[in-house]
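Below is one structure, written out as structure tokens; comments come after it.
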Amino acid sequence: MATITGAQIVDRVRSLCASEPFLWEESVALDADFGFDPSQVITGAPVFVIEPLQSRLSIGQTGFREDRIDDMTVSVAYAVTGDDHAAVRSSMLNAVHSLTSAVVRDAHVTSGDYGILDEGKDSSISQARGASFLVLRLTLPVQYEIGL
């Protein structure tokens, strides 16, 4: 495994989210709640944000290298109306599996510079009271080697 930075991994995942088959729009908000008042409406494509990596484990090596395991969380907001909750939730569950597969493929096949661990994967779907959107949160444990 070659060295890579956390920012490069986030950029790779950002590119996956914005391209086929997802075509999500990146949020201008910096937080996973999208900085929206719950009464605001999301229209069009789902909106995503990738939170800063959260360090889980760092193991120093010789030669100014470090093995890292960080948690990466991707949050995606989907517009929802009163009668389409079930369809939107189904689409979100499909997105969880599709995005996980896309990131794993990028990590192991396309890039080869990082890996996604099985232990620690997590996802949830929530809706703030009064919000017209559902939020999908996918957390993936990312293992990589960084040059110090």
| S19 side chain vs S15 backbone, donor-acceptor pair below 3.5 Å | yes
| remark: The reported gap from OG in S91 to CG in L136 (rounded to nearest 0.5 angstrom) is 9.5 Å
| task | Evaluate the ring planes of Y78 and W24, with Trp represented by its six-membered ring, and classify them as parallel (under 30°), tilted (30 to 60°) or perpendicular (over 60°). | result | perpendicular
| task | Answer whether the closest heavy-atom distance between the side chains of M72 and V13 falls below 4.5 Å. | result | yes
| note | Correct closest heavy-atom pair for A102 and L16 would be O-CD1, 3.8 Å
| query | Roughly how far, to the nearest 0.5 Å, is the CD atom of Q143 from the CG atom of D113? | reply | 12.5 Å
| said: Show the nearest heavy-atom pair for residues L134 and Q127, with the distance to one decimal. | reply: CD2-CB, 3.4 Å
| field | Pairwise distance CG(L99) to OG(S101) - rounded to 0.5 angstrom | value | 9.0 Å
| request: Could you pull out the closest heavy-atom pair between V88 and A79, with the gap in Å? | output: CG2-O, 3.7 Å
| task | Go through the steps to decide whether S123 and R137 satisfy the test side chain to side chain contact (heavy atoms under 4.5 Å, CB included), and finish with yes or no. | result | CA-CA 5 Å; S123 65; R137 284 191 176 79; over 6 Å; no
| Of all heavy-atom pairs between D70 and S55, which one has the smallest distance, and what is that distance? | OD1-CA, 3.2 Å
| Considering only heavy atoms from C-beta outward, does the side chain of R12 approach that of Y114 to under 4.5 Å? | yes
| task | Could you pull out the closest heavy-atom pair between A107 and G115, with the gap in Å? | result | CB-CA, 4.1 Å
| Got F22 and S98 here, is their nearest side-chain heavy-atom distance under 4.5 Å? | yes
| field | Lys/Arg-Asp/Glu bridge criterion (N-O < 4.0 Å) met for E145, R68 | value | no
| said: With a 4.5 Å cut-off on side-chain heavy atoms, are P141 and E119 touching? | reply: no
| message | Side chains of Y144 and L53, heavy atoms from C-beta outward: is any pair under 4.5 Å? | response | yes
| What residues form a salt bridge (Lys or Arg N to Asp or Glu O under 4.0 Å) with E25, not counting sequence neighbours? | none
| task | Run the salt-bridge test on R56 and D71 with the 4.0 Å N-O cut-off and return the result as yes or no. | result | yes
| field | Heavy-atom check, side chain of Q8 versus side chain of D11, under 4.5 Å | value | no
| said: So V135 and I125, do their side chains get closer than 4.5 Å, heavy atoms only? | reply: no
| message | What I'd like to find out is whether the side chain of E26 reaches to under 4.5 Å of the side chain of C17, using heavy atoms alone. | response | no
| field | Chi angles and distances behind the side chain to side chain contact (heavy atoms under 4.5 Å, CB included) call for V76, V47 | value | CA-CA 5 Å; V76 188; V47 178; over 6 Å; no
| said: According to side-chain contact (heavy atoms from CB on, under 4.5 Å), who are the partners of T100, at least two apart in sequence or on a separate chain? | reply: V96, V104, K121, L138, L140
